[in-house]
**Q** 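Shown below is the structure under consideration.
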Amino acid sequence: MSVQSVERALDVLEALADHGGEAGLSEIAARTGLPYGTIHRLLQTLLLRGYVRQESDRRYALGGALVRVGGAAERLVGSWAEPYLTKMVELSGETANMAVLEGDFVVYVAQVPSPRRLRMFAEVGRRVLPHSTAVGKVLLADHPNAAAVFERTGLPRRTEQTITTVGAMMTELSAVAARGYAMDLGEEESGVHCLAVPVADGARVVAAMSVSGPAERISALDRDELARGLRKIADDFGAEVFGARPG
């Protein structure tokens, strides 16, 4: 049995998260379908508890109290992901990672390294811009305001392969959504390729899992076959942790 007030408070927090962590009343109302009066009352409680703060322009933003909750949750989810990342390493022979979107940044929350001598590392806790990574593309392909994220962060060139215009990135995200996985073909680091797949909670993408390695080794793999294997593992993880039904 659900508690309506709790559901509505969570709807408000998720609306703020979907707008990059900050939104006005009208944007929250459009996202949640709740009346203004209800939203205002929920926000007042969340303000008192520190889960929301009000900016000088009267817009609302996610508050600092979420850092403690979110950090603990990320550590737990990261530890739960390790057996599934290990399966990805066994499938591909390459390093496997899991990442989530925090505001406008991708944050790596778990990793299982490849047993090979030459292997890739993305330090757990590392924050990167999403446009040049496969995990970032997967996370933003499901995001309702991806273009706004790119407008805020910019698309700095990391390598000669980096996509640096919003239009080209939106085309790339459409392709990612259609095929169900994303590639980073040396766009974040020259000579390194990465393939990422989504982790869903049943309704939306909440994380991305990936394998990365030297370009020549990733290129030698059957991309579609690898993606199917990784999707199966990611779907199993989503079903166990988030109760999502594999699709």
**Q** Going from CD on Glu7 to CD on Gln4, what distance comes out if it is rounded to the nearest 0.5 angstrom?
**A**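 Answer rounded to 0.5 Å: 7.5 Å.
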**Q** I need the Arg204 CZ to His143 NE2 distance, nearest 0.5 Å.
**A**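 Result: 9.5 Å between the selected atoms.
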**Q** Is Arg8 reaching over with its side chain to a backbone N or O of Leu42, donor-acceptor style, under 3.5 angstrom?
**A** no
**Q** Does Ile233 reach the side chain of Asp236, with side-chain heavy atoms less than 4.5 Å apart?
**A**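 Ile233 does not reach Asp236 side chain to side chain.
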**Q** Determine, using the 4.5 Å side-chain heavy-atom cutoff (strictly less than), whether Val241 and Met88 are members of one ILVMFWY cluster.
**A**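 Yes, Val241 connects to Met88 through the hydrophobic network.
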**Q** Less than 4.5 Å apart, any side-chain heavy atom of Leu43 and any of Leu25?
**A** yes
**Q** Determine whether Tyr108 and Trp80 fall in the same hydrophobic cluster, where Ile, Leu, Val, Met, Phe, Trp and Tyr are linked whenever their side-chain heavy atoms lie under 4.5 Å apart.
**A** no
**Q** Working to the nearest 0.5 Å, report the span between CZ of Arg152 and CG of Asn145.
**A**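 That separation rounds to 7.5 Å.
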**Q** Shortest non-hydrogen contact from Ser210 to Cys194?
**A** CB-SG, 3.6 Å
**Q** Please find the pair of heavy atoms, one from Ala9 and one from Leu46, that lie closest to each other, and give the distance.
**A** O-CD1, 4.3 Å
**Q** Counting distance only, does the side-chain N/O of Thr159 pair as donor-acceptor with the main-chain N or O of Glu189 below 3.5 Å?
**A** no
**Q** In the structure I gave you, are the side-chain heavy atoms of Val199 and Val138 within less than 4.5 Å of one another anywhere?
**A** no
**Q** Find out if a path of hydrophobic residues (ILVMFWY) with successive side-chain heavy-atom gaps under 4.5 Å connects Leu185 to Ile218.
**A**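 Both belong to a single hydrophobic cluster.
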**Q** Sub-3.5 Å donor-acceptor pair from the side chain of Asp142 to the main-chain atoms of Val205, do we have one?
**A** yes
**Q** Side-chain donor-acceptor pair under 3.5 Å between Ser132 and Glu188, yes or no?
**A**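 There is such a pair between these side chains.
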**Q** Looking only at heavy atoms, which two atoms of Ser212 and Asn97 are closest? And how far apart?
**A**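 Reported closest heavy-atom pair: OG-ND2, 3.7 Å.
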**Q** Any sub-3.5 Å donor-acceptor pair from Arg53's side-chain atoms to Leu47's backbone N or O?
**A** no
**Q** Could you check whether any side-chain heavy atom of Leu230 comes within less than 4.5 Å of a side-chain heavy atom of Val211, counting everything from C-beta outward?
**A**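 Sidechains of Val211 and Leu230: in contact.
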**Q** Strictly by side-chain hydrogen bond (donor to acceptor under 3.5 Å, both in side chains), give each pair with a member in residues 165-175 just once, sequence neighbours left out.
**A** Lys137-Glu172
**Q** Flag the pair Ser92 / Leu226 as yes when at least one side-chain heavy-atom distance between them is below 4.5 Å, and no otherwise.
**A**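 Yes, their side chains come closer than 4.5 Å.
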**Q** Taking the side chain as C-beta and beyond, is there a heavy-atom pair between Met209 and Leu85 under 4.5 Å?
**A**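 Of all side-chain heavy-atom pairs linking Leu85 with Met209, at least one is under 4.5 Å.
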**Q** Which residues satisfy the side-chain hydrogen bond (donor to acceptor under 3.5 Å, both in side chains) test with Gln161, sequence neighbours excluded?
**A** none
**Q** Is there a side-chain contact (heavy atoms from CB on, under 4.5 Å) between Glu94 and Arg116? Walk through the geometry before answering.
**A** CA-CA 8 Å; Glu94 304 297 345; Arg116 295 179 172 182; 3.0 Å; yes
**Q** Hey, does the side chain of Glu27 reach the backbone of Gly24 with a donor-acceptor pair shorter than 3.5 angstrom?
**A**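 Between the backbone of Gly24 and the side chain of Glu27 there is a qualifying donor-acceptor contact (under 3.5 Å).
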**Q** For residues Gly136 and Val106, report the shortest heavy-atom separation together with the two atoms involved.
**A**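 Result for this residue pair: CA-CG2, 3.6 Å.
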**Q** What about Met98 and Val124, same hydrophobic cluster or not, with Ile/Leu/Val/Met/Phe/Trp/Tyr joined at side-chain heavy-atom distances under 4.5 Å?
**A**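 In one cluster with Met98: Val124, no.
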**Q** Residues in ring-ring contact (aromatic ring centres under 6.0 Å, His included) with Tyr84, at least two apart?
**A** Phe237
**Q** Just by modelled atom types, is the Tyr181 backbone N or O under 3.5 Å from a matching donor or acceptor in the Arg179 side chain?
**A** yes
**Q** Going through the checks in order, is the salt bridge (Lys or Arg N to Asp or Glu O under 4.0 Å) test met by Glu14 and Arg31?
**A** CA-CA 9 Å; Glu14 289 177 356; Arg31 175 67 174 80; 5.0 Å; no
**Q** Could you check whether Asp224 pairs with Arg228 (Lys NZ or Arg NE/NH1/NH2 to Asp/Glu carboxylate O, under 4.0 Å)?
**A**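 Here Asp224 does not pair with Arg228 in a salt bridge, since their nearest N and O are not under 4.0 Å apart.
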**Q** Can you tell me how far apart CZ (Phe105) and CG (Leu129) are? Round to the nearest 0.5 Å.
**A**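 One gets 5.0 Å once the value is rounded to the nearest 0.5 Å.
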**Q** Any idea which heavy atoms bring Glu55 and Ala61 closest together, and the distance?
**A**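 For Glu55 and Ala61, the tightest heavy-atom pair comes out as OE2-CB, 3.8 Å.
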**Q** For Leu173 and Ala146, work out which heavy atoms get closest and say how close.
**A** CD1-CB, 3.7 Å
**Q** Is there a side-chain contact (heavy atoms from CB on, under 4.5 Å) between Met169 and Val149? Walk through the geometry before answering.
**A** CA-CA 11 Å; Met169 274 305 311; Val149 172; over 6 Å; no
**Q** Are Leu155 and Val135 connected into the same hydrophobic cluster when the rule is that any two of I, L, V, M, F, W, Y join if their side-chain heavy atoms are below 4.5 Å apart?
**A**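 Linked within one cluster.
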**Q** Consider side chain to side chain contact (heavy atoms under 4.5 Å, CB included). Of His131, Met170, Arg157, Glu187, which one does Ile163 pass it with?
**A** Glu187
**Q** Counting distance only, does the side-chain N/O of Ser190 pair as donor-acceptor with the main-chain N or O of Gly186 below 3.5 Å?
**A** no
**Q** Measure the shortest side-chain to side-chain distance between Val12 and Tyr60 over non-hydrogen atoms and say whether it is less than 4.5 angstrom.
**A** no
**Q** State the CG-CD1 distance between Leu34 and Ile39, to the nearest 0.5 angstrom.
**A** 5.0 Å
**Q** Quick one: are Arg158 and Asp184 in side-chain contact, heavy atoms under 4.5 Å?
**A**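 Not in contact.
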**Q** Looking at CD1 of Ile28 and CD of Glu22, how far apart are the two atoms once the value is rounded to the nearest 0.5 Å?
**A**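 Between atom CD1 of Ile28 and atom CD of Glu22 there are 10.0 Å.
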